[in-house]
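To start, the structure itself, in structure tokens.
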Amino acid sequence: PRIAVRLEGQPGNTSGIGSRILLRHGAVPLQAQEIISGGRYLASDDPLRVFAAGSASQGMRLQVAWRSGLRSVVEDVRANHLM
């Protein structure tokens, strides 16, 4: 079971570059990934992030720390969904 996350940021940063995504209570107590860009010649990173849900079927919490300093929280995230 997995949880896929694709951020939709504000104009000027629609991919949410610089954001940090946290998933709590999935396959392990805490998983974190960041949206980065660049670093390769004429290429970039796909802004889709995938987390392991493990046997957790409910009670997972997704938190996004945006580059602007704002935070978004989604409660009761379910496995095998694109958020």
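Quantities reported herein were computed from a predicted structural model and do not represent experimental measurements.
In the hydrophobic cluster analysis, where Ile, Leu, Val, Met, Phe, Trp and Tyr join through side-chain heavy atoms closer than 4.5 angstrom, Ile35 is grouped together with Met83. Side-chain heavy atoms closer than 4.5 Å link hydrophobic residues (I, L, V, M, F, W, Y) into clusters, and following such links, possibly through other members, connects Ile3 to Val74.
Scanning for side-chain contact (heavy atoms from CB on, under 4.5 Å) contacts around Val50 gives Arg2, Ala4, Leu48, with sequence neighbours left out. With sequence neighbours left out, Gln33 forms a side-chain hydrogen bond (donor to acceptor under 3.5 Å, both in side chains) with no residue at all. Remark: Arg24 pairs with no residue by the salt bridge (Lys or Arg N to Asp or Glu O under 4.0 Å) rule, at least two apart or across chains. In terms of the side-chain hydrogen bond (donor to acceptor under 3.5 Å, both in side chains) criterion, Glu8 has no residue partners (sequence neighbours excluded).
For the pair Ile21/Gln63, no side-chain contact is recorded, criterion being any heavy-atom separation below 4.5 Å from C-beta on. With a 4.5 Å cut-off on side-chain heavy atoms, Val77 and Arg61 do not count as touching.
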Acceptor/donor pairs from residues 10-19 side chains to any protein atom, 3.5 angstrom cut, sequence neighbours excluded:
from: Asn13; atom 1: OD1; to: Gly16; atom 2: N; distance (Å): 3.3
from: Asn13; atom 1: OD1; to: Ile17; atom 2: N; distance (Å): 2.8
from: Asn13; atom 1: ND2; to: Ile17; atom 2: O; distance (Å): 3.0
from: Ser19; atom 1: OG; to: Gly16; atom 2: O; distance (Å): 2.8

Could you list the donor-acceptor pairs under 3.5 angstrom formed by side chains in residues 65-73, with sequence neighbours left out?
from: Trp66; atom 1: NE1; to: Ser72; atom 2: OG; distance (Å): 2.8

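Of all heavy-atom pairs spanning Gly54 and Pro1, the tightest one is O-CG, 3.2 Å.
To the nearest 0.5 Å, atoms CG (Asp76) and NE2 (His25) are separated by 10.5 Å. Taken to the nearest 0.5 Å, the CD atom of Glu75 stands 12.0 Å off from the CE atom of Met60.
In this structure, the side chain of Gln31 engages the main chain of Ala52 through a donor-acceptor pair within 3.5 Å.
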